[in-house]
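Single-structure report; data block below.
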Amino acid sequence: MSSKNITILSIESSCDETAAAVVRNGREVISSVISTQVPIHTLYGGVVPEIASRKHIERVNQVIEQALQDAKMTLDDIDAIAVTRGPGLVGALLVGVSVAKAISYAKNIPLVGVHHIEGHICANYIEYPTLEPPFMCLVVSGGHTHLVNVSNYGEYEVLGRTRDDAAGEAFDKIGREIGLGYPGGPKIEAAAKEGNPNAVDLPRAVVNDNVYDFSFSGLKSATLNYLNSVRMKGEEVNIPDVAASFQQAVVDALVEHAMLGATEYGAKKLAIAGGVASNSTFREAMKTACEDKGIEFFCPSKILCTDNAAMIGCAGYYEYINGRRDGLDLDAVPYLKLGE
Ligand code: KG4
Ligand code: ZN
């Protein structure tokens, strides 16, 4: 690697945050701007893809300008542009990809397409400047629940994934069902603080043919059945108790799978990532489980867990120094698999 600093401008627009960042040498965040659309989507009970695309278009240029301004830089200081190319909502992704291509073309700056999940994993490199692979990473977001063996920079082996709902998606569905609204995760976490996690008996799913795979649809149905049965009896639902019991069931399943994978693979380090990784009960449970097994535990600060562009700048840096360059034919790929 050369001793020259590599400064990356990164753009993220895969879901409901429009974000841009300037990241130096992969790990040093010079600026990071996140413009969230959550209040708009909350009105509809979830992300409306069409609205997301429109809002990205409205905001993306301002967000990029702000990131450059905060970094006291211009495009002339930028060595490469990293942009999320998938997975995510196609219309939303296309906004980031198009603007990244336009800047790359206009200023002749190399373009690097980044996998969103790789970005989430890389948030750990920002938080822990000395962290290096190999390590195990449990990525838990609104669209993904992946147990990943990170064998090297840019090298990922997915050991397990969800068979149905992602953990965050389950949080969002139950949040809506108990009247807390979107996004369910943080709202369930807040309600759960007043509740008893043992109040409602809910299942912890086991997937028989791959012990590392996750399943949350059974838990979701059991929670919905419980809610129906209480309502049919004309009783009032104790929202904090349901929130706490549901959250505990998700956390138990996540911790159990992650620890199983980590022990079987002899992992010495275990990291978490993604929006759900900002949940305090989950963070604490993982920390304790890792301590019990003598595994070093890593978790990004909460702002780096939910969608942001700094993590894309970090992932983009490792892709860039590995030689990845994309052309103006770079496309958004809504169902992009990790490693593709
Ligand atoms: O990583 P992220 O920002 O976007 C995706 O890539 O999907 O994750 C968003 C998801 C949402 O489903 C949201 O409900 C969940 O993360 N989430 C949480 C918490 N904060 C966000 N889930 C549980 N507890 C939280 N505190
Ligand atoms: Zn995400």
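Atoms within a ligand are numbered from 1 in the order they appear, just like the ligands themselves. Computed from heavy atoms alone, side chains included, the values below leave out hydrogens, waters and symmetry copies.
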In terms of side-chain geometry, is the basic nitrogen of [X] or [Y] positioned less than 4.0 Å from the acidic oxygen of its partner?
| X | Y | value |
| --- | --- | --- |
| Asp326 | Arg85 | no |
| Lys173 | Glu169 | yes |
| Asp76 | Lys107 | yes |
| Arg54 | Glu58 | no |

Next item on the list: Using heavy-atom distances, let me know which of Gly168, Ala170, Gly142 sits nearest atom 8 (O) of ligand 1.
Entry: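 Selected option, by shortest heavy-atom distance: Gly142.
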
Next item on the list: Could you pull out, from Asp307, Ile117, Thr281, the option with a heavy atom nearest to atom 3 (O) of ligand 1?
Entry: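 Shortest heavy-atom distance from atom 3 (O) of ligand 1: Asp307.
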
Notebook entry, point to check: Is there a heavy atom in Pro186 that sits closer than 4.0 Å to ligand 1?
Noted result: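 Within the 4.0 Å threshold, so yes.
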
Check: Looking at the rings of Tyr125 and Tyr318, which for Trp means the six-membered one, are their centres under 6.0 Å apart?
Finding: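 Judged by ring-centre distance (under 6.0 Å), Tyr125 and Tyr318 do meet the cut-off.
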
Per-atom contacts, ligand 1 versus [X] - under 4.0 Å to a heavy atom:
| X | answer |
| --- | --- |
| Gly143 | 7 (O) |
| Gly275 | 1 (O), 2 (P), 8 (O), 16 (O), 17 (N), 18 (C), 19 (C), 20 (N), 21 (C) |
| His120 | 1 (O), 6 (O) |
| Gly185 | 14 (O), 18 (C), 19 (C), 22 (N), 23 (C), 24 (N), 25 (C) |
| Thr306 | 3 (O) |

Tell me the protein heavy atom at minimum distance from [atom], and give that distance in Å.
| atom | value |
| --- | --- |
| atom 15 (C) of ligand 1 | Val276 CG2, 3.9 Å |
| atom 26 (N) of ligand 1 | Glu189 OE1, 2.6 Å |
| atom 24 (N) of ligand 1 | Asn279 ND2, 3.0 Å |
| atom 13 (C) of ligand 1 | Asp172 OD1, 3.8 Å |

Next item on the list: Answer side chain, backbone, both or neither: which part of His116 comes under 4.0 Å from ligand 1, heavy atoms only.
Entry: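 Side chain only.
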
Checklist line | ligand 1 N/O within reach of Ser278 N/O, cut-off under 3.5 Å | finding: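 So ligand 1 has an N or O lying under 3.5 Å from an N or O of Ser278.
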
Notebook entry, point to check: Does any non-hydrogen side-chain atom of Tyr153 lie less than 4.5 Å from one of Glu132?
Noted result: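 In contact.
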
Next item on the list: Would you check if the Zn ion (ligand 2) lies under 2.8 Å from any N, O or S atom of His116?
Entry: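 Yes.
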
Check: Does Phe214 have Arg163 sitting over its ring (NZ/CZ under 6.0 Å from centre, angle to axis within 45°)?
Finding: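 Judged by the rule, Arg163 and Phe214 form no cation-pi pair.
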
Notebook entry, point to check: For the Zn ion (ligand 2), which N, O or S atom of Asp307 is at the shortest distance?
Noted result: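 This residue's closest N, O or S atom turns out to be OD1.
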
Margin query: Can you tell me which N/O/S atom of His120 has the shortest distance to the Zn ion (ligand 2)?
Written below: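 The His120 atom nearest to the Zn ion (ligand 2), restricting to N, O or S, is NE2.
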
Next item on the list: Hey, can you tell me if His116 and His120 have their rings parallel, tilted or perpendicular (30° and 60° cut-offs)?
Entry: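 Taking His120 first and then His116, their aromatic rings stand perpendicular (interplane angle over 60°).
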
Check: When you measure from the side chain of Lys293 to the backbone N and O of Thr263, does any donor-acceptor pair fall under 3.5 Å?
Finding: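 No; judged by distance alone, with no hydrogens or angles, the pair does not exist.
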
Checklist line | N/O donor-acceptor pair under 3.5 Å between His146 side chain and Thr162 backbone | finding: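 No.
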
Item checked: Exercise: do Glu17 and Asn308 side chains pair donor with acceptor under 3.5 Å ->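 Not at all, the side chains of Glu17 and Asn308 share no donor-acceptor pair under 3.5 Å.
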
